[in-house]
Amino acid sequence: MKHLLPKAMLFAACTALLLSGCGQSGTSGTQAAPASTDQIVIDTTFDMKTIDPGREFEPTAQMLVKAMYDNLLTYGDEDTSTVVPNLATYTANEELTEFTFTLQEGRVFSDGSPVTADDVVFSLTRLTGMKGNPSYLFDGVTVEKIDDMTVKLTTAAPHPALPVVLTAPPLAILNSKVVQANGGTVDENDAAEEWLNANSAGSGPYILESFDVRSQAVLVKNPNYNGPQTPTFEKVIFRNVEPATQKMNVERGDSQVALGLLGDMVSDLADTVKVDSVPSATTVFLIINTDPAISEVTAKPEFWKAVKSAIDYDGLLEVAGSGAIQSTGAVPAQFVGGLPESSRLKRDLEAAKTAAAAAGASGKTITLSYANDIDPTGVSLQTLAERLQVQLAEAGITVELAPAPFATEVDAYRDGKEQIGLWYWIPDYSEGNDYLPYSPGQWMGLRVNWQAGANPAIEALAAELLTTSDPAQRQAKFEEWGNLLLAEGPYVPLLQPGSNVVYSTSITGVYYSPTWIINAAALGVAS
Amino acid sequence: MAETRRSLPSRIWRAIPPGIRAPLGVVSAVIALVWVVLCLIGPQITPHDPLAQNLPLYQPPGVDTLLGTDELGRDVFSRILAGAQVTVGLALLLVVMSMVVGSVLGVVAGFFGRWVDEAIMRFTDLVMAFPTVILAMVTAAALGASLFNAVLAALIVSWPPYARVVRSMVLSLRHQEYVASGRLLGFSPLKSIGVDILPNVAGPTLVMASADIGTAALLLSGLSFLGLGAKPPSPEWGAMVSSAVRHFDKWWMGVFPGLAILTVVICFNFLGDALRDYFDPKGATR
């Protein structure tokens, strides 16, 4: 038969890939753990579209922006729960509606010009004005210059989470003169993205040397940097590498840090490397459509109950690999607003069977949709879905798997067309408020067609939380909201995958952050 | 046979010294037979349930799990046995269907000639003008990912060679004296085709088909590998290789299904070449 050569070659290529296991050659050669501070190579799986701070919204970009730009406030490297000053210190009024920021004296951008109130006003109004993906972070906040070194942020309602929001990389402060000279504006006509993908304009410890959104980013030390960090490496190279190749590279010394290893790859690492496995703040969950037009069965609250009690959560953790923990609720356990461990859902097969029967699930096939070409924080949705299928079958719920590429499936998810969807959420900032859109009528609720008015108790609590500023009250209200959502909502929180940061034993200063993964400026060499 | 380019296994076959081709053909036939038998009884003789996720994850090959376990704790050996039904079974089905479709069109084109021939052959050329894998991928993607659609897509790209070969044979047979005398005796076209033409076309076509089973398996598992064929948790070999790519440090997950595909492709191709040598000794050295 003719025309078979291409097929043979396709398969040969796949087999070769499988056998050789070596897709990428290292830029640094095969030296062992370096004592040199010339450069450090960080391998990761790129999830990134742009590194324009006002437009980026993906994990890899957050990490790069963190290294090149400073925010008004930030988190310490080791302590990721306390907000600390960076470019500015602040005071707030008692109602938490007015925040006054005083810029630190003497801080300069990479071109040597000072950081002023104008830069802060420009950067933050540009973020909201461009109406990009992260713009909503700063919705409802007005920013106003008091004098050259003072800026006031005002909100209509109390905004207790504002200091936390201000640490997020999209709220980085840019050099307004340079960005404006290269097309930057504070509205949707902004044309600086292309320039910002080839240059950096921040006051951070590193500046951009070269950038390819698909393969590699190279940062070099900012000679004018005078902030609190003390960067060690002259050059930081971020490479986009397949997970299994990352493992080989870091073991061989081709790279010093690997951020994208899958949870099940870190159990048998060579002793030239260390691994930090901690629960990430990414949440993986099921959404169940409440619209009878999508599925009569999944629209029934009994069915939500059936799924919640049909799942063997420990069985999911087994395939998720190192560092993963079961979710306690919608909000990651380590955040303000997270639920205690006692809230976790438990398997109860008998209850699940009864509820599934009551929902009329017998004899019906439900479609479980998911993206099969992404591994959010090191767990394969494909593997999880296959395990869920078997577990749900044990409770009499027949599920058909519908894998699709992320790019096509994400629209069905956003438009609320999936019967059951397996998805994940990477936090935009480390606070429970980020998760309030799970409530009915809000954008996450609408993805399962959970309309406003569907659960007034949950909606009322969510509205109150937006304006509650007392920490103890917030936690209490969050627990009430979270427990209600867990009991009555069409969502099944499954797990928080482990974040497995693997690094050479010669490297220090590797601290996992839920928002920017690791801070390149904190990395050092062991003495 | 009017083949201008041969498949890779066929070219390997040409490079083998004629003296050991016959024994190699026998060995290939035996292995091919084993796969066909497994295709019938494979799912019944698996040591573990191929879909049950009840074993430890990532067990290397050992006593209890002969070829190891995968990322969900399923036995790779059992999955390969059960997968024979999917991969080999569908490959057989696909080849039979391509042969039927291609032969019918080829006979019609060759026997009736003129505009019928032109129309069918230009359509055949049209399909053959597309790169096979790309056309199959486009078809499968357009129809939606499922095993049925993958077979349909593979069928769309694999019938034309049969149409061409059968047509060329019918063309030369049509003017043979015994065919002409049959027509003079009042045979209807259908009877003429059935009595005088088909028996002479069947042998070479069957030989061609036997060499095609391996490549059909390759195409189907290739589509599954790309996510356009078998859906999880089906133990289809291409899908198994695909999920193993993420774990190539656990080599057994991908190597064994890959070897299964390799043996099917090589053995059926060699078997086809050996049959061709046997039935057409003059052409054996071409």
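Lettering of chains follows the sequences in order, A, B, ..., and the numbering in each one begins at 1. All figures in this text were calculated on a predicted structure; none of them were measured in a lab.
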Item to check | Region of A/E318 in contact with chain B, defined by heavy-atom distances below 4.5 Å | outcome: both

Checklist entry - How far apart are the closest heavy atoms of B/Q53 and A/E386, and which atoms are they? => result NE2-O, 3.1 Å

Checklist entry - Got a second to check how far A/N372's CG is from B/K231's NZ, nearest 0.5 Å? => result 11.5 Å

Next on the checklist: In the structure I gave you, are the side-chain heavy atoms of B/P233 and A/Q389 within less than 4.5 Å of one another anywhere?
Outcome noted: yes

Checklist entry - Just wondering, more than 12 heavy atoms not from A/D271 lying within 6.0 Å of its CG? => result no

Next on the checklist: Could you tell me if the side chain of B/S243 sits less than 4.5 Å from the side chain of A/Q382, heavy atoms only?
Outcome noted: no

Checklist entry - chain B heavy atoms under 4.5 Å from A/P403: which part of the residue, side chain, backbone, both or neither? => result side chain

Item to check | chain A contact via B/L51 - side chain, backbone, both or neither, heavy atoms under 4.5 Å | outcome: backbone

Checklist entry - Measuring from A/T383:OG1 to B/H247:NE2, what's the distance to the nearest 0.5 Å? => result 5.5 Å

Checklist entry - Are more than 12 heavy atoms from other residues, nucleotides or ligands located less than 6.0 Å from atom CZ of B/R122? => result yes

Next on the checklist: Less than 4.5 Å apart, side chain to side chain, heavy atoms only: is that true for A/V319 and B/L57?
Outcome noted: yes

